[in-house]
Each structure stands twice: as structure tokens, then as C-alpha cells.
A.B. asks: 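Take this structure first; my questions come after.
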Amino acid sequence: MKFSSKIDVWVWLILSVFAAAMLFAAFSLLTQTAAVGPISLVLAVMGLSLALMLWIVMTTQYTVQNDVLRVRSGPFTWQIPISSIRQVKQTRNPLSSPALSLDRLEVSYGEKQKILVSPKNRSGFLQAINHPIEA
């Protein structure tokens, strides 16, 4: 079963502001009379940065299949055996994670590993990994 990440409005706002700032900067660079080499490099880095952000936002999802929870976010992937999940609890922890909302679940697994996720269908996700939320 696939579960998409819940996406908060602030994620879209940050992405929109970042994209607008990069477009403004690119336009400013292109209208100046400067060396083409440095401008090309700056534009390439800006384009790659925007592409990476979009890739992460568009691909963050959680898949439960064959007793494995697979978390994917852009180029990053985690594979967690469901049998290794020890605890699931609600959190609003803002740490960087494959979760596009602050309405998150902290999944503790293995010895001392944790990952934060924000499935849109929380009840379906919890049912798929067969773990209730603990207080």
C-alpha cells in the first residue's frame, strides 16, 4: 500500500518564495553585462536546487509491502522491516525528515533509530504497519 505525505501550506509557500527569488535573481543576472561562464554556473546551481526541492516534494511517500516500510523522499530511501518497529507516537518535531507536514509520526525502530513521517491517511498507515499510536 502506498501512502502520500501530507503537505502543509508552509511547504508550498517556502517553495514558491524560493522559486520566485531564484527567478528574480536569474533575470537580474541575465540583464547584467557580465561574463557568461559564471552566470551559467550560478543559473545551473539554482536550477538544480529548485529541481531537487521539487523532486523531494513530489516523491515523498511511504510504501508498506512484503513486511517492509519503504520511505522515499527524492533521492533518499529508507527500508524498515515492520518487525523492527518498536513504537509509533505523534509529534510536531520540526527536524529535517521525509515528512512534508508538522503533523508527524515518529517511528522508532531497530536499536535506537527513528524516522519522522507524515502520511496523509494516518489511520490507514497505522493499520498497514500494524502499530497503534502510543502516548
Side-chain angles (χ1 to χ4, degrees):
M1 299 183 82
K2 284 189 180 186
F3 300 91
S4 57
S5 178
K6 182 177 181 182
I7 303 176
D8 284 346
V9 172
W10 63 267
V11 172
W12 289 115
L13 288 173
I14 288 172
L15 187 61
S16 299
V17 168
F18 185 69
M22 285 199 316
L23 288 172
F24 177 77
F27 179 75
S28 296
L29 282 173
L30 291 172
T31 58
Q32 293 177 0
T33 56
V36 175
I39 290 176
S40 298
L41 179 63
V42 169
L43 291 175
V45 168
M46 288 170 38
L48 288 173
S49 298
L50 184 58
L52 178 62
M53 287 180 65
L54 284 171
W55 186 14
I56 288 171
V57 169
M58 302 308 287
T59 63
T60 299
Q61 65 182 10
Y62 321 108
T63 305
V64 178
Q65 186 176 15
N66 300 329
D67 297 326
V68 173
L69 167 60
R70 182 173 182 244
V71 178
R72 181 169 184 239
S73 185
F76 310 106
T77 302
W78 295 260
Q79 295 209 32
I80 303 164
I82 292 177
S83 61
S84 72
I85 296 175
R86 296 179 287 110
Q87 180 183 39
V88 178
K89 64 181 184 178
Q90 286 183 288
T91 184
R92 293 192 63 79
N93 188 332
L95 288 178
S96 178
S97 66
L100 302 174
S101 170
L102 288 178
D103 186 15
R104 298 173 170 192
L105 297 174
E106 179 183 279
V107 178
S108 300
Y109 63 99
E111 289 293 316
K112 294 182 180 179
Q113 296 171 297
K114 295 179 181 181
I115 192 164
L116 302 174
V117 297
S118 59
K120 196 182 293 186
N121 178 358
R122 180 178 281 200
S123 61
F125 176 81
L126 292 168
Q127 187 175 20
I129 64 170
N130 198 26
H131 273 273
I133 294 178
E134 296 183 23

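Numbering starts at 1 and runs along the sequence shown.
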A.B. asks: Does anything in residues 107-119 pair up under salt bridge (charged side-chain N to carboxylate O under 4.0 Å, His left out), and if so which pairs, sequence neighbours excluded?
C.D. replies: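 Residue pairs passing salt bridge (charged side-chain N to carboxylate O under 4.0 Å, His left out), neighbours aside: E106-K114.
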
A.B. asks: Would you mind telling me which of E134, K89, R86, H131 makes a side-chain contact (heavy atoms from CB on, under 4.5 Å) with S108?
C.D. replies: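 Answer after filtering E134, K89, R86, H131: R86.
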
A.B. asks: Supply the members, apart from L95, of the Ile/Leu/Val/Met/Phe/Trp/Tyr cluster built from side-chain contacts under 4.5 Å; use none for a lone residue.
C.D. replies: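 Hydrophobic cluster check, L95: joined to L116.
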
A.B. asks: Taking only residues two or more places apart in sequence or in another chain, which ones pass side-chain hydrogen bond (donor to acceptor under 3.5 Å, both in side chains) with S97?
C.D. replies: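 Scan of S97 (side-chain hydrogen bond (donor to acceptor under 3.5 Å, both in side chains), adjacent residues dropped) gives R104.
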
A.B. asks: Return a table of donor-acceptor pairs under 3.5 angstrom between the side chains of residues 66-79 and protein atoms on other chains or two or more places apart.
C.D. replies:
unit_1 : atom_1 : unit_2 : atom_2 : d
S73    : OG     : T60    : OG1    : 2.8

A.B. asks: Looking at N93, I want to see if its CG is surrounded by more than 12 non-hydrogen atoms of other residues, nucleotides or ligands under 6.0 Å.
C.D. replies: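 Buried by this count: over 12 neighbours within 6.0 Å.
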
A.B. asks: For Q113, check side-chain contact (heavy atoms from CB on, under 4.5 Å) against everything at least two apart and list the hits.
C.D. replies: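 Counting only residues at least two positions away or on another chain, Q113 forms a side-chain contact (heavy atoms from CB on, under 4.5 Å) with Y109.
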
A.B. asks: Which residues pass the side-chain contact (heavy atoms from CB on, under 4.5 Å) test with P81, sequence neighbours left out?
C.D. replies: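 With sequence neighbours excluded, P81 shows a side-chain contact (heavy atoms from CB on, under 4.5 Å) to S83, S84, given in chain and number order.
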
A.B. asks: For L13, enumerate each residue passing the side-chain contact (heavy atoms from CB on, under 4.5 Å) test, keeping only those at least two apart in sequence or located in another chain.
C.D. replies: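 Result, side-chain contact (heavy atoms from CB on, under 4.5 Å) vs L13: V9.
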
A.B. asks: On a heavy-atom basis, which atom in V11 and which in L100 lie closest, and how many Å separate them?
C.D. replies: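 Looking at all heavy atoms of both residues, the closest pair is CG2-O, 3.2 Å.
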
A.B. asks: Answer whether the closest heavy-atom distance between the side chains of Q90 and R122 falls below 4.5 Å.
C.D. replies: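 Yes, at least one pair of side-chain atoms sits under 4.5 Å.
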
A.B. asks: Return each pair, listed once, that meets side chain to side chain donor-acceptor pair (under 3.5 Å) where at least one residue sits in residues 4-16; pairs must be two or more places apart or across chains.
C.D. replies: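 Side chain to side chain donor-acceptor pair (under 3.5 Å) check on residues 4-16 returns S5-Y62, S5-S118, K6-D103, D8-W10, D8-S101.
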
A.B. asks: Looking at residues at least two apart in the chain, or sitting in another chain, which of them share a salt bridge (Lys or Arg N to Asp or Glu O under 4.0 Å) with K120?
C.D. replies: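 Salt bridge (Lys or Arg N to Asp or Glu O under 4.0 Å) list for K120, sorted by chain: empty.
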
A.B. asks: Output all residues satisfying ring-ring contact (aromatic ring centres under 6.0 Å, His included) with F3, sequence neighbours left out; order by chain, then residue number.
C.D. replies: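 ring-ring contact (aromatic ring centres under 6.0 Å, His included) check on F3 returns F125.
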
A.B. asks: Should L52 and I56 count as side-chain neighbours, where that means a heavy-atom distance under 4.5 Å?
C.D. replies: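 Yes, at least one pair of side-chain atoms sits under 4.5 Å.
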
A.B. asks: Is there a path from L50 to L23 through hydrophobic residues (I, L, V, M, F, W, Y) whose side chains come within less than 4.5 Å of each other?
C.D. replies: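 They do not share one cluster, since no chain of ILVMFWY contacts under 4.5 Å joins L50 to L23.
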
